[in-house]
Amino acid sequence: MPPVSPPPEKMMFRLSLRRRGISDLRVLRAMDAIPREVFVEAADRAEAWRDTALPIACGQTISQPFVVAYMTEQLRLEATHRVLEIGTGSGYQAAVLAHLCKTVLTVERFRTLADTARARLEKLGLHNVEVMLGDGFDLPANLGAFDRIMVTAAMAEVPAALTDRLEVDGILIAPVGPHNGVQTLVQIRKTADGLERKPLVDVRFVPALPGIAREL
Ligand code: SAH
């Protein structure tokens, strides 16, 4: 029997990620395994495997697949890691992370987005992700420390309240910069001596806003 090949749009998806420099096979496999069409609006299903950001509910966006792949690769995940994501949005990035680490806690300030993402992740059988309605700038004290933190909304600066939650040897990735404009993706490593900061690439994310959203 000839091998079953994936549908052409998925082949193109994988090719475009590789062409743009994503080389971590585990990341590519995770992106292959997560059905992105489940995380976009019904009207955008046909676009789901294109390498573009798309609008989702509450005026937010699901990130471009290349950016998801790149950020995931730069996080250098291990199977034992406990990961925090700020900005659940559609839940897609959380699903990719969940494939590559032990547990994911993802926080979202819109109830509608948190509830929808939770239902999607459950339906996909990703039981190692917890979706929490909350504010990434004001997290409960009892969450403990994380091996990796990924912020997927633009922050003017990474607050110490977040880097304080990194384990030693931990890595945080966040888009840092103005709300309306280009931000720089920044990688912060916590070492025994302090924080090491490395700018990566320019990106454009929706802003991180304080407080739980009053709208649904
Ligand atoms: N990672 C998402 C895309 C993120 S869009 C995905 O894979 O689809 C950024 C998200 O961050 C939006 O849903 C926005 O509501 C949320 N957000 C913004 N500020 C926040 C905050 N302070 N705490 C938690 N979530 C926040």
Side-chain angles (χ1 to χ4, degrees), residues 13 17 27 30-31 33-41 44-45 47-75 77 83-101 104-121 124 126 129-140 143 146 148-162 165 172-180 183 185 203-216:
F13 182 78
L17 292 177
V27 174
M31 304 263 311
I34 306 294
R36 190 166 182 259
E37 69 273 15
V38 169
F39 293 88
V40 303
E41 299 290 291
D44 290 325
R45 295 254 153 85
E47 308 289 305
W49 292 94
R50 284 185 48 212
D51 192 19
T52 55
L54 290 166
I56 57 172
C58 306
Q60 306 303 312
T61 53
I62 173 172
S63 309
Q64 183 191 349
F66 168 70
V67 174
V68 171
Y70 182 77
M71 288 176 78
T72 307
E73 194 171 54
Q74 294 300 321
L75 214 50
L77 289 167
V83 179
L84 171 68
E85 182 194 23
I86 308 296
T88 311
S90 68
Y92 179 69
Q93 173 75 73
V96 173
L97 294 172
H99 249 255
L100 296 165
C101 70
V104 180
L105 173 64
T106 178
V107 182
E108 170 57 52
R109 64 188 289 277
F110 280 99
R111 185 182 295 277
T112 303
L113 293 176
D115 288 349
T116 309
R118 190 180 297 115
R120 285 171 179 154
L121 294 162
L124 289 176
L126 292 167
V129 193
E130 186 188 338
V131 181
M132 187 178 107
L133 178 67
D135 174 7
F137 289 113
D138 187 19
L139 295 168
L143 296 180
F146 296 87
R148 299 288 186 263
I149 299 178
M150 185 186 284
V151 181
T152 62
M155 295 183 161
E157 197 34 77
V158 179
L162 278 182
R165 288 172 192 270
L172 175 150
I173 299 231
V176 176
H179 276 179
N180 294 305
Q183 304 109 21
L185 202 60
V203 284
R204 243 172 223 276
F205 274 83
V206 295
L209 300 171
I212 291 175
R214 268 188 284 156
E215 324 88 279
L216 284 178

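Both counts, for ligands and for their atoms, begin at 1 and track the order of listing.
Here the shortest heavy-atom pairing between Val27 and Ala69 reads CG1-O, 3.8 Å. Between Val107 and Gly136, the closest heavy-atom pair is CG1-N, 4.3 Å. Across Tyr92 and Ile62, no two heavy atoms sit closer than the pair CB-CD1, 3.7 Å. Here the closest non-hydrogen pair linking Arg36 and Trp49 is N-CZ2, 3.8 Å. The minimum heavy-atom distance linking His99 with Ala30 is given by the pair CB-CB, 3.8 Å.
Ligand 1 places these atoms under 4.0 Å from at least one heavy atom of Phe137: 22 (N). Interface of Val206 with ligand 1, defined as ligand atoms under 4.0 Å from a residue heavy atom, comprises 5 (S), 9 (C). Residue-ligand proximity, Ile62 to ligand 1, at heavy-atom distances under 4.0 Å covers atoms 8 (O). The atoms of ligand 1 that sit less than 4.0 Å from any heavy atom of Gln93 are 1 (N), 7 (O). Below 4.0 Å from some heavy atom of Phe110 lie the following atoms of ligand 1, by number and element: 15 (O). Near Leu209, the atoms of ligand 1 lying under 4.0 angstrom from a non-hydrogen atom of the residue are 18 (C), 19 (N), 20 (C), 21 (C), 22 (N). For ligand 1, the atoms sitting less than 4.0 Å from at least one non-hydrogen atom of Ala208 are 18 (C), 19 (N), numbered in the order shown with element in parentheses. Per-residue contacts place Leu113 under 4.0 angstrom from the following atoms of ligand 1 (heavy atoms of the residue considered): 13 (O).
Look at Ala117 and you'll find every heavy atom at least 4.0 Å from all atoms of ligand 1. In this structure, Thr88 has a heavy atom closer than 4.0 Å to ligand 1.
Remark: Leu113 CG to Ile56 CD1 distance equals 5.0 Å, nearest 0.5 Å. Taking OG1 of Thr106 as the start and CD of Gln93 as the end, the distance is 9.0 Å to the nearest 0.5 Å.
The residue from Arg109, Gln60, Glu85 that puts a heavy atom closest to atom 26 (C) of ligand 1 is Arg109. Nearest to atom 8 (O) of ligand 1 by heavy atom, out of Cys58, Ser90, Gly211, Gly134, is Ser90. Among Gly59, Gly87, Pro65, the residue whose heavy atom lies nearest to atom 11 (O) of ligand 1 is Gly87.
Using a 4.0 Å cut-off between heavy atoms, Pro207 contacts ligand 1 through its backbone alone, with no side-chain atom that close.
Atom 9 (C) of ligand 1 has Thr152 O, 3.3 Å as its closest protein atom, hydrogens excluded (heavy atom only). Looking only at heavy atoms of the protein, atom 23 (N) of ligand 1 is closest to Gly136 N, 2.8 Å. Of all protein heavy atoms, the one lying nearest to atom 13 (O) of ligand 1 is Glu108 OE1, 2.7 Å. The shortest contact between atom 3 (C) of ligand 1 and any protein heavy atom is with Thr61 O, 3.3 Å.
A side-chain contact (heavy atoms from CB on, under 4.5 Å) with Thr88 is found for one member of Glu108, Arg118, Arg109, Gln60 and no other, namely Glu108.
A donor-acceptor contact shorter than 3.5 Å links the side chain of Thr152 to the backbone of Ile86. The backbone N or O of Pro178 lies less than 3.5 Å from a partner atom in the side chain of Gln183, making a donor-acceptor pair. Here the side chain of Arg148 pairs no donor or acceptor atom with the backbone of Val83 at under 3.5 angstrom. Judged by distance alone, with hydrogens and angles left aside, the side-chain atoms of Glu41 form no donor-acceptor pair with the main-chain N or O of Pro55 at under 3.5 Å.
For ligand 1, the polar-atom distance check finds no N/O of Ser63 at less than 3.5 Å from any of the ligand's N/O atoms.
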